[in-house]
Number of protein chains: 2
Amino acid sequence: MSSHAHHPVLKKNQKLVQDVLVSACAPLSAYSILDVLRDQGFRAPLQVYRALDKLMEFGLVHKLESLNAFVACTHDACEANEPAAFMICEECESVSELGDTRLASHLGKLADHENFALKHTTVELHGRCKNCS
Amino acid sequence: MSSHAHHPVLKKNQKLVQDVLVSACAPLSAYSILDVLRDQGFRAPLQVYRALDKLMEFGLVHKLESLNAFVACTHDACEANEPAAFMICEECESVSELGDTRLASHLGKLADHENFALKHTTVELHGRCKNCS
DNA sequence: CCTAAAAATGTTATGTTATTACATATCAAT
DNA sequence: ATTGATATGTAATAACATAACATTTTTAGG
């Protein structure tokens, strides 16, 4: 039942940032994370951004481009395969991460059709979630 | 053959910003636009951001969230209906705007399925365009 | 274990993107 | 003409992100 890909062991700052994101109930900006971690000795934005870069590389964290904010991956193993989409509630700020295979495949076909070598996709849906409607 | 929706007449600053974006061969940041327009009397970012806000409201300009940059709409009439997606070349910076109906409908179904009231979608594909491969 | 290379961290400064706040001017409809 | 709404001008500041450089920690090979 354990994840079949072994992420590297997280370094101190990476772990701290990851923990903050996992505990958060909404996406956090890098500076919000910094504020939370001042007590643990963080002093500068770069400490956060460097940790975030690594965590994103590991697939443990995603950036929401339309919010300039970050969320922990909710797919226990989001390795290699990208998330398909995020649904972002404008009311309660909740975010849910979808792993829709058909969407991914549709986007892949779209790109193929234009001879576009697809590297990375950003799909962010804004609206109101079930609870807030 | 004319567009069936009448966009409002553009105000001076809106027209200036729109012209810059239409002439550009790549997405431009607000500050790049500001630099171009200094000769026409622009002095402050807000002059650009305000014009951009209106142009986006009119559907004449889109923001690329993953680049913090703006492009003129290439659908002569992108009124009401959103663009489905943007393909952004990392090599030559060219952007093409897709109006894929099936993608839009797929995203709509995804949202419906989660009882998510969809307001706006951001779909940005990064990679290498046909010419740059 | 020791050491050299690589990775991670600390710190300051700066660059880039976007908004707040407030004043003034223009436009459109009575 | 007066009024209310929209657009503009300007300064200051907030919010997001990276460059450059010094130091420490980790890792892998001898």
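In the text below, chain A, chain B and the rest are named by the order of the sequence lines, each starting its count at 1. Model, not experiment: these values are computed from the prediction.
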May I ask you to check whether over 12 heavy atoms, not counting those of [X], lie within 6.0 Å of atom [atom1]?
| X | atom1 | result |
| --- | --- | --- |
| A:E114 | CD | yes |
| B:E65 | CD | yes |
| A:K130 | NZ | no |

Tell me: [atom1] of [X] to [atom2] of [N], nearest whole Å?
| X | N | atom1 | atom2 | value |
| --- | --- | --- | --- | --- |
| A:Q40 | C:dT9 | CD | P | 14 Å |
| A:R43 | C:dT9 | CZ | C1' | 14 Å |
| A:L64 | D:dC16 | CG | P | 13 Å |
| B:I33 | C:dA18 | CD1 | P | 10 Å |
| A:L37 | C:dG10 | CG | C1' | 15 Å |
| A:K15 | C:dT9 | NZ | C1' | 18 Å |
| B:N13 | D:dT10 | CG | P | 11 Å |
| A:E57 | C:dA7 | CD | P | 10 Å |

By a strict heavy-atom criterion of less than 4.0 Å, which residues belonging to residues 16-24 of chain A are in contact with DNA chain C? none

Ring centroids only, cut at 6.0 angstrom: are A:H62 and A:F70 within range, meaning strictly under it? no

Are A:L103 and A:F116 linked, directly or through intermediate hydrophobic residues, by side-chain heavy-atom contacts shorter than 4.5 Å (ILVMFWY only)? yes

Going by the angle between their ring planes, with limits at 30° and 60°, are B:H120 and A:H126 parallel, tilted or perpendicular?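 Answer is tilted, since the angle falls between 30° and 60°.
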
Tell me whether the OP1 or OP2 atom of D:dT26 has a side-chain N or O from A:K11 closer than 4.0 Å.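 Answer is no, no contact under 4.0 Å.
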
Taking only side-chain N and O atoms of B:Q47, does any of them lie within less than 4.0 angstrom of OP1 or OP2 on D:dG9?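 So the side-chain polar atoms of B:Q47 do come within 4.0 Å of the phosphate oxygens OP1 or OP2 of D:dG9, strictly under.
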
Treating A:S133 as the side-chain partner and A:C129 as the backbone partner, does any N or O pair qualify as donor plus acceptor under 3.5 Å?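 Looks like yes, one N/O pair under 3.5 Å.
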
Between A:Q14 and B:S29, which is nearer to the 5' end of DNA chain C once each is assigned its nearest nucleotide?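 Residue closer to the 5' terminus by nearest nucleotide: A:Q14.
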
Could you run down the sub-3.5 Å N/O contacts of the protein with nucleotides 17-23 of chain D?
{"from": "D:dA17", "atom 1": "OP1", "to": "A:K63", "atom 2": "NZ", "distance (Å)": "2.6"}
{"from": "D:dA17", "atom 1": "OP1", "to": "A:N68", "atom 2": "OD1", "distance (Å)": "3.4"}
{"from": "D:dA17", "atom 1": "OP2", "to": "A:Y49", "atom 2": "OH", "distance (Å)": "3.0"}
{"from": "D:dA17", "atom 1": "O5'", "to": "A:Y49", "atom 2": "OH", "distance (Å)": "3.4"}
{"from": "D:dA17", "atom 1": "N7", "to": "A:Y31", "atom 2": "OH", "distance (Å)": "2.7"}
{"from": "D:dA17", "atom 1": "N6", "to": "A:Y31", "atom 2": "OH", "distance (Å)": "3.2"}

If we only count heavy atoms from C-beta on, is the B:L110 to A:D100 side-chain gap below 4.5 Å?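 With C-beta onward as the side chain, the pair touches.
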
Heavy atoms, side chains only, cut-off 4.5 Å: are A:L107 and B:V123 in contact?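 Heavy-atom side-chain distance check passes, below 4.5 Å.
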
